[in-house]
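Here's the structure, in structure tokens; my notes come after.
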2 protein chains.
Amino acid sequence: MNSQSDNAVFQQHNHASCIHDALITAKKLCKERGLRLTDTRLRVLELIWQSHKPIGAYDILAQFGQEGRNSAPPTVYRALEFLQENGLVHRIASLNAFMGCVCPQEGHQGGFLICKQCKRAQEITEDTLRKQLLSLAQEQDFEVESMTLEISGLCTTCRTAQ
Amino acid sequence: MNSQSDNAVFQQHNHASCIHDALITAKKLCKERGLRLTDTRLRVLELIWQSHKPIGAYDILAQFGQEGRNSAPPTVYRALEFLQENGLVHRIASLNAFMGCVCPQEGHQGGFLICKQCKRAQEITEDTLRKQLLSLAQEQDFEVESMTLEISGLCTTCRTAQ
DNA sequence: GCTCAATTGTTATAACATTACATTTCTTAC
DNA sequence: GTAAGAAATGTAATGTTATAACAATTGAGC
Ligand SMILES: [Zn+2]
Ligand SMILES: [Zn+2]
Ligand SMILES: [Zn+2]
Ligand SMILES: [Zn+2]
């Protein structure tokens with residue numbers, strides 16, 4: 001894969017199928033693990049995938065409002081908690097926002113390239129660096145539980161458009 | 001340096017002199033760059049260094065209250081903005097808190113090892129990984145502006161104490 | 001001293017997140 | 001099938017973090 005094709009993946013793909021696939025995978029994983037992917041949780045996950053950008057809890061809440069669900073913040077935050085705990089979504093601390101995980105697995109910690117202009121975020125699936133970060137921490141005698149890696153800047157499209 | 005001595009540095013040092021040095025350095029840097037390190041800004045920086053842990057904006061505000069300064073949030077946030085812009089403090093996104101930078105220089109982006117138990121944070125000054133992250137981003141044709149790297153877990157002391 | 005820009009004060013509000021407790025729904029055992 | 005207990009959701013209130021908008025003050029350069 002060169003950067004050209006990577007960018008194509010980032011910029012445009014069959015988003016309908018990407019949402020669909022993510023939901024299928026989520027259902028499968030939850031079934032396997034005996035987890036209850038309830039209506040609320042599923043809908044939150046779907047909205048996150050549909051947004052195609054990091055989305056805030058209150059944006060999700062607003063959508064719920066438009067759909068006639070009369071929900072309050074805890075409804076959304078609980079669903080987000082469930083989805084995060086089970087590796088289906090990541091929270092992006094620097095944005096107070098959430099993204100669907102492209103490689104859902106418990107315990108996995110995502111890294112992101114976040115475009116300041118188009119506001120899209122691309123998950124870093126590369127694992128070499130993560131391992132290096134782990135060994136860096138170990139050198140300092142530090143026991144890692146989780147990592148936040150968020151790189152902010154300009155994506156290809158936005159940069160070339162300037 | 002082995003991890004033993006690193007930890008000693010992390011755990012206990014002459015904190016009074018560490019605060020003092022940080023303030024001296026800050027004053028020097030601001031003078032060199034023609035920046036105004038005003039009373040408010042200096043006091044915010046001092047409180048950050050005194051805390052010895054990541055400290056929240058509203059904690060700083062509370063201190064100001066105790067000192068008879070009748071300040072509102074913008075006062076503190078403006079000072080924090082100044083200090084961040086000029087590389088004197090870092091914001092830790094996963095904690096909504098601030099730490100003094102141990103190697104103040106404009107544009108430099110800090111990484112942190114954050115202990116979940118004692119709440120201390122140790123800045124990662126190692127630069128190799130940062131460069132690798134940059135090249136990872138470049139491979140994806142992404143232009144980096146800033147990086148957030150926050151590793152959460154247990155520091156030596158807290159782990160051995162268990 | 002005058003002028004303009006930078007800084008700070010002040011009020012209000014926005015944005016993000018949690019606590020606490022009541023109610024409903026689901027699961028399991030009988 | 002039903003009762004009991006656990007899990008999930010509803011609801012109201014509140015806590016926490018951050019910014020907008022505009023007025024007043026201060027400081028540097030002329
Ligand atoms: Zn992921
Ligand atoms: Zn972009
Ligand atoms: Zn630093
Ligand atoms: Zn610790």
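Chain letters run A, B, ... following the sequence lines, proteins first, then strands; residues in each count from 1. Below, all heavy atoms of this structure are taken into account, side chains as well, without hydrogens, waters or symmetry copies.
For C:dT10, one of the phosphate oxygens OP1 or OP2 lies less than 4.0 angstrom from a side-chain nitrogen or oxygen of B:N70. When the side-chain nitrogen and oxygen atoms of A:T75 are compared with OP1 and OP2 of D:dT9, none of them lie within a distance under 4.0 Å. Distances shorter than 4.0 Å separate none of the side-chain N or O atoms of A:S71 from OP1 or OP2 on D:dT9.
Protein atom CD of A:E81 is 12 Å distant from nucleotide atom P of D:dT9, rounded to whole Å. Atom CZ of A:F64 and atom C1' of D:dT11 are 16 Å apart (whole Å). Counting to the nearest Å, the C1' atom of C:dT7 and the CZ atom of B:R69 are 13 Å from each other. Note: CG (B:N96) to C1' (C:dA15) measures 11 Å, nearest angstrom. Rounded to whole Å, atom P of C:dA5 lies 19 Å from atom CG of B:L35. The CZ atom of A:R43 sits 15 Å away from the P atom of D:dT9 (whole-angstrom rounding). A:I92 has its CD1 atom 19 Å from the P atom of C:dA15, to the nearest Å. A straight line from CG of A:L80 to C1' of D:dA8 spans 15 Å, rounded to a whole angstrom.
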Protein-nucleotides 20-24 of chain D N/O pairs under 3.5 Å:
residue, atom, partner, partner atom, Å
D:dA21, N6, B:R78, NH2, 3.3

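Between A:H52 and A:H15, the angle of the ring planes stays under 30°, which puts this pair in the parallel group of the 30/60° scheme.
Among D:dT11, C:dA17, D:dA18, the nucleotide with an atom closest to any side-chain atom of A:R91 is C:dA17. The side chain of B:T38 sits closest to C:dT8 out of C:dT8, D:dT9, C:dT10. Of the listed nucleotides (D:dA7, D:dT9, C:dT7), D:dT9 has the atom at the smallest distance from the side chain of A:T40. For B:R36, the side-chain atoms get nearest to C:dT7 when compared with the rest of C:dC16, C:dT10, C:dT7.
Backbone-only contact: B:R41 has heavy atoms under 4.0 Å from sugar-phosphate atoms and none from a base.
Stacking between A:Y58 and C:dC16 is present: the aromatic ring centre lies within less than 5.5 angstrom of the base six-membered ring centre, and the two planes differ by under 30 degrees. The side-chain ring of B:Y77 is not stacked on the base of D:dT19, judged by centre separation under 5.5 angstrom and plane angle under 30 degrees.
Shown here is A:H20, whose NE2 atom has no more than 12 heavy atoms of other residues, nucleotides or ligands within 6.0 Å.
A salt bridge between A:R43 and A:E46 is present, with a side-chain N of the basic residue lying under 4.0 Å from a carboxylate O of the acidic one.
The main-chain N or O of B:F64 is never found under 3.5 Å from a side-chain atom of B:S71 such that the two would form a donor-acceptor pair.
A:I114 is not connected to B:V144 by any chain of hydrophobic side-chain contacts under 4.5 Å among Ile, Leu, Val, Met, Phe, Trp and Tyr, and they are in different clusters. Cluster annotation: B:L113 and A:L149 are assigned to the same hydrophobic cluster (Ile/Leu/Val/Met/Phe/Trp/Tyr, side-chain heavy-atom contacts under 4.5 Å, transitive).
In terms of position on DNA chain C, the residue among B:D39 and B:P73 whose nearest nucleotide sits closer to the 5' end is B:D39.
Checked options A:K131, A:E126, A:Q132; the residue passing with A:T128 is A:E126 (criterion: side-chain hydrogen bond (donor to acceptor under 3.5 Å, both in side chains)). In summary, of the residues considered (B:E123, B:E150, B:Q109), a side-chain hydrogen bond (donor to acceptor under 3.5 Å, both in side chains) with B:H90 occurs for B:E123 alone.
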